[in-house]
Amino acid sequence: MNSTRLTRWLVYLLIGAAVAAVLWSYSSAPAAQNDIPISRLAQEISSDEVAELIVSSSGREVTVVYVDKNRQPTRASISGVSSIEEMLAAYGIESDSYSDGKPVIVYERPSQWGGLLNLVGIFLPAILIIGFFYFIFRQAQGSNNQAMSFGKSRARMFTGDHPTVGFDDVAGCDEAKEELQEIVEFLKEPEKFVSFGARIPKGVLLVGSPGTGKTLMAKAVSGEAGVPFFSIAGSEFVEMFVGVGASRVRDLFEQAKRNSPCIIFVDEIDAVGRHRGAGLGGSHDEREQTLNQILVEMDGFDTDTHVIILAATNRPDILDPALLRPGRFDRRVVLDRPDIRGREAIFRVHLRGKPIANAVDITVLAKATPGFVGADIENTVNEAALLAARRNRKSIGMSEFQEAIERVQLGPERRSRLMSPEEKELTAYHETGHAMVSHFLPHAQTLRKITIIPRGMAGGVTWYLDEDTSFMTRSKFEAMIATALGGRVAEEIVFGDITTGASNDLQQVTRMARAMVTQYGMSNELGLRVYGEKQELVFLGREISEQRDYSDAVAEQIDAEVRRIIDAAHQFATAILTQHREKLDLVAQKLLEVETLEAAEFVALLEGKSIESTPSASGSSKVTSAQKPAEASERSRPSLDLPPSPTPA
């Protein structure tokens, strides 16, 4: 029990004792009586009306009990004499009058609590006042302690005796685990490295996109090492009071030194480690003072301790250079987006302990989720489990995983959205236009699925199987631009009019074409250079403008080149859809009928094969000949007599 609770109970006890004393004094006192003078008492004794005289223990008061039981007792006060007998004698009543027993004089025995109650009655008010002020003082002192505790570190300490996360629970980043395994070995066996004169890195910076598992990796290091682990967020260092952040840094490192060897993990260190001199407060900004203290603690005079600092950030470009130099954060561990093998390993981790159907192929799931990070995959598995429970399934099937992937990417289906027949027909031709153009271009993305069911903010979606690649070629850019324009071209050919449905497509097309010209040097006419220097403030961490380092004449050439690329892709899409107008109508009408077509079903329609018209459980029809979508798509791309691929003049 802390001091505050003890003080509170002490005050309650004093108040209860006072109330009990008052109640006891009232309960022990005689019933309410009327005071009578001694002269009247003498008359009543002479007339034999008094049966008993009860003299109080103090001898100053007399309670008169009458012969008539219906008469209420009265009370008389004795003053100026030493006893009741002396006072009665003064009124002519001798002792012979009551020696026979009428009235009977009874003397009360002094109560052993009388003196104590008298003391309580005297000192109780003073005690209550003192207790009240003491209580107020303690409350004020507690508030003051809370205010002064701003300078204390708020890091949460984990002992490491019962680890909950290890390296086995982290997948998709084998290289990062190998780098951090050395840290774990040093914490377990420091003599192994000291004997060779090696110095373990003082700081390790975990860099990666949001959701790649930086915090999870830090937990795994703590669980594997089995040493005390201090966890704190970078934003917890900074307060409105000057010097509080630096004080918390000092307190954190003092705790770590007392518990060394240990690990300090600072999550989102960019909140406090941004480049100095870029803040609104100049060089005296509170955040910068906190950063200065971190720099001193990491590589100052007193750093001969086994304390390793892990920090996580997704913006290493805005960190102060002094924080990243050797001697502070010596090592940078990158947690990149996982490839197909990494995604497969992450799926296996998150599928542990869950009832999975035998038909679920983890490799197919990994192929269907390019660009997903660990957090996305965890959310996908959770969504699939929720769908299986909602459908009263005994296990999680492939249909639940497919629906979960689409939910994570674009949100749930909005089947309740009312669409007119004209809107549905327009959406069907628009999405079919995308699919047709991508199918007949050799460098386009592989089709996965077409649907006209609204999902998220989209009225319909054409899904593609993205590839795990770090580089984009010019031919891929051109194919993607032509595919994005396929929906607009289908509207022009079929309806002779255009709508606002292609607004997002046009944004993507413009952005890709301009990037090809100004950033990637994919224009022979404008040369191999970058046009426009991006400017950003480190304090904001966001691109705010572009500096034009080219003339107005070059700007006109850039605009003309961007338009030429887009116009050439538009001609490609127009030629493909015009040549295959019958197939465009066939696929669009089938899409209006079943609402969703898988890639194999789409290829079967183009090849003239029949498919079942009854929608399947997932909302799509079934193909009579089983083919893998990717293989069928590759085999069905004929050699078309199309204009040459658009290349810069």
- Message: Counting C-beta onward and ignoring hydrogens, is there a side-chain heavy-atom pair between Tyr464 and Arg448 closer than 4.5 Å?
- Response: no

- Message: Are Thr313 and Leu319 packed together at the side-chain level, in the sense that at least one heavy-atom pair is separated by less than 4.5 angstrom?
- Response: yes

- Under 30°, 30 to 60°, or over 60°: which ring-plane class applies to Phe193 and Phe186, parallel, tilted or perpendicular? perpendicular

- Message: Nearest 0.5 angstrom please: Met516 CE to Met480 CE, how far?
- Response: 10.5 Å

- NZ or CZ of Arg250 within 45° of Phe253 ring axis and under 6.0 Å: no

- Message: Working note: Asp317 + Arg315, criterion side chain to side chain contact (heavy atoms under 4.5 Å, CB included); need CA distance, chi angles, decisive distance, verdict.
- Response: CA-CA 5 Å; Asp317 53 315; Arg315 290 301 309 269; 2.6 Å; yes

- Strictly by modelled atom types, are Gln255 and Asp251 linked by a side-chain donor-acceptor pair under 3.5 Å? yes

- Nearest heavy atoms of Arg325 and Ala322, plus distance in Å: CG-O, 3.4 Å

- Query: Can you check side chain to side chain contact (heavy atoms under 4.5 Å, CB included) on Val530 and Thr518, steps first, answer last?
  - Reply: CA-CA 5 Å; Val530 175; Thr518 62; 5.9 Å; no

- Roughly how far, to the nearest 0.5 Å, is the CG atom of Asp339 from the CZ atom of Arg343? 7.0 Å

- Check for a donor-acceptor pair, side chain of Asp330 on one end and backbone N or O of Lys202 on the other, with a separation under 3.5 Å. yes

- Is the shortest side-chain N to carboxylate O distance from Glu182 to Arg331 below 4.0 Å? yes

- Arg391 and Glu403: CA distance, side-chain angles, deciding distance, side chain to side chain contact (heavy atoms under 4.5 Å, CB included) verdict: CA-CA 13 Å; Arg391 296 173 180 176; Glu403 174 68 18; 4.2 Å; yes

- Please walk me through it: do Leu310 and Ile263 pass side chain to side chain contact (heavy atoms under 4.5 Å, CB included)? CA-CA 7 Å; Leu310 296 180; Ile263 298 174; 3.9 Å; yes

- Message: For Asp267 and Thr215, which I'm curious about, is there any donor-acceptor pair between the side chains at under 3.5 Å?
- Response: yes

- Query: Sub-3.5 Å donor-acceptor pair from the side chain of Thr510 to the main-chain atoms of Gln507, do we have one?
  - Reply: no

- Should the heavy atoms of other residues, nucleotides or ligands under 6.0 Å from NZ of Lys219 be counted, would the total exceed 12? no

- Task: Measure the NZ-CG distance between Lys214 and Leu205 for me, rounded to the nearest 0.5 Å.
- Result: 10.0 Å

- Donor-acceptor side-chain pairing of His350 and Asn382 below 3.5 angstrom: no

- Query: Can a salt bridge be assigned to the pair Glu406 and Lys449 using a cut-off of 4.0 Å between side-chain N and carboxylate O?
  - Reply: yes

- Looking only at heavy atoms, which two atoms of Ile346 and Ala171 are closest? And how far apart? CG1-O, 3.4 Å

- Item | Any side-chain heavy-atom pair of Phe329 and Leu323 under 4.5 Å | yes

- Task: Output the distance between atom CD (Glu224) and atom CD (Gln181), rounded to the nearest 0.5 Å.
- Result: 6.5 Å

- Query: Roughly how far apart are Arg348 CZ and Leu365 CG, rounded to 0.5 Å?
  - Reply: 10.0 Å

- Task: Could you tell me whether the side chain of Arg337 and the main chain of Gly371 form a donor-acceptor pair under 3.5 Å?
- Result: yes

- Note, Ile264 side chain near Phe229 side chain (heavy atom, < 4.5 Å): no

- Query: Any donor and acceptor pair, going by atom type alone, linking the side chain of Lys354 with main-chain N or O of Ile396 inside 3.5 Å?
  - Reply: no

- Side-chain heavy atoms of Phe401 within contact of Val364, under 4.5 Å: no

- Message: Can you confirm whether Glu288 sits close enough to Gln293 that some side-chain heavy atom of one is under 4.5 Å from a side-chain heavy atom of the other?
- Response: no

- Calculate, to the nearest 0.5 Å, the distance between atoms CG and CE belonging to Asp169 and Met217 respectively. 11.0 Å

- Task: Would you check if there is a donor-acceptor pair between the side chains of Thr483 and Ser438 at a distance under 3.5 Å?
- Result: no

- Query: Looking only at heavy atoms, which two atoms of Ala311 and Ile269 are closest? And how far apart?
  - Reply: CB-CD1, 3.7 Å

- Query: Tell me, do Asn259 and Phe230 make a side-chain contact under 4.5 Å, heavy atoms counted?
  - Reply: yes

- Message: In the structure I gave you, are the side-chain heavy atoms of Ile309 and Phe265 within less than 4.5 Å of one another anywhere?
- Response: no

- Query: At their closest point, which heavy atom of Thr380 faces which heavy atom of Ala404, and how far apart are they?
  - Reply: O-CB, 3.3 Å

- Heavy-atom nearest pair, Arg328 first then Leu295, reads NE-O, 3.0 Å

- Checking Thr473 side chain against Lys476 main chain: does a donor-acceptor pair fall under 3.5 Å? yes

- How far apart are the closest heavy atoms of Cys262 and Pro228, and which atoms are they? CB-O, 3.2 Å

